[in-house]
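Comments concern the structure below.
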Amino acid sequence: QVQLVESGGGLVQPGGSLRLSCAASGSIRQVTAMGWYRQVPGKERELVARIRGDDNTRYADFVQGRFTISRDNAKNVVYLQMYSLKPEDTAVYFCNADIVPVSGWHPVAYWGQGTQVTVAA
């Protein structure tokens with residue numbers, strides 16, 4: 001059994017900051033890529049940022065240098081530091097990780113339950 005547990009969402013004013021965390025736990029052989037996606041009602045889930053095991057990162061265009069993704073490989077934790085938040089960043093943010101479980105040999109995509117981020121005055 002593998003779980004992703006997110007934390008750090010909440011309400012913040014425009015221009016403010018938040019840090020999201022996501023910890024992977026359970027029967028894990030290896031965690032490869034980890035990332036953050038977001039979704040608003042009526043729209044498809046979209047990539048925010050992704051980081052590979054070699055720390056290679058990829059960001060959505062709308063991030064525009066405002067967010068930083070990082071990870072602690074020893075703890076299987078991924079972070080998303082968000083600065084200069086805008087109302088349009090309001091969404092449910094989901095953690096995603098490609099994990100090789102102890103029971104297998106190939107990576108499987110796992111998702112967290114989501115954490116709400118609301119940017120409003």
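Predicted model only: the values in this text are computed from it and were never measured.
Contact between Ala23 and Val77 at its shortest, heavy atoms only, is CB-CG2, 3.9 Å. Between Gln116 and Ala91, the shortest heavy-atom distance links the atoms NE2-O, 3.4 Å.
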List the atom pairs, with distances to 0.1 Å, where a side-chain N or O of residues 94-112 and a protein N or O form a donor-acceptor pair under 3.5 Å, not counting sequence neighbours.
residue, atom, partner, partner atom, Å
Asn96, OD1, Arg50, NH1, 2.6
Asn96, ND2, Tyr110, O, 3.3
Asp98, OD2, Arg50, NH2, 2.6

Which side-chain N or O atoms in residues 58-67 pair as donor and acceptor under 3.5 Å with protein atoms at least two apart or in another chain?
residue, atom, partner, partner atom, Å
Tyr59, OH, Ile69, N, 2.9
Gln64, OE1, Lys86, NZ, 3.4
Arg66, NE, Val63, O, 3.1
Arg66, NH1, Ser84, O, 3.0
Arg66, NH1, Asp89, OD2, 2.7
Arg66, NH2, Phe62, O, 3.1
Arg66, NH2, Asp89, OD1, 3.1

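Applying the side chain to side chain contact (heavy atoms under 4.5 Å, CB included) test between Leu18 and each of Val12, Leu80, Thr118 identifies Val12 as the sole match.
To the nearest 0.5 angstrom, Asn76 atom CG is 9.5 Å from Leu4 atom CG. Annotation: the span from Thr32 atom OG1 to Gln30 atom CD amounts to 6.5 Å, rounded to 0.5 Å. Here OG of Ser25 is found 14.0 Å from NZ of Lys75. Values are rounded to the nearest 0.5 Å.
Taking 4.5 Å as the limit, some side-chain heavy atom of Ser17 sits within range of a side-chain heavy atom of Gln81. In this structure, Leu85 and Thr90 have side chains that are not in contact, with every pair of non-hydrogen atoms separated by 4.5 Å or more. A 4.5 Å side-chain heavy-atom check between Glu6 and Tyr93 finds every atom pair outside the cut-off. Side chains of Arg38 and Val117 form no contact here, defined as non-hydrogen atoms less than 4.5 Å apart. Within the 4.5 Å cutoff, the side chain of Trp36 has heavy atoms near those of the Cys22 side chain. When side chains are defined from C-beta on, Val78 counts as touching Ile51, because their heavy atoms get closer than 4.5 Å.
Checked against salt bridge (Lys or Arg N to Asp or Glu O under 4.0 Å), Arg52 has the following partners two or more places apart in sequence or in another chain: Asp54.
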Stepwise side chain to side chain contact (heavy atoms under 4.5 Å, CB included) check, Arg19 with Tyr79: CA-CA 7 Å; Arg19 189 174 87 149; Tyr79 305 97; 3.7 Å; yes
For Leu20 and Met82: C-alpha separation, side-chain torsions, deciding distance, then whether side chain to side chain contact (heavy atoms under 4.5 Å, CB included) applies. CA-CA 8 Å; Leu20 306 182; Met82 302 185 290; 3.8 Å; yes
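Applying the 6.0 Å contact sphere to CD of Glu46 captures more than 12 heavy atoms from other residues, nucleotides or ligands. With a 6.0 Å radius and a threshold of 12 heavy atoms from other residues, nucleotides or ligands, Gln1 has its CD atom at or below the threshold. Annotation: Gln13, atom CD; neighbour count of heavy atoms from other residues, nucleotides and ligands within 6.0 Å does not exceed 12.
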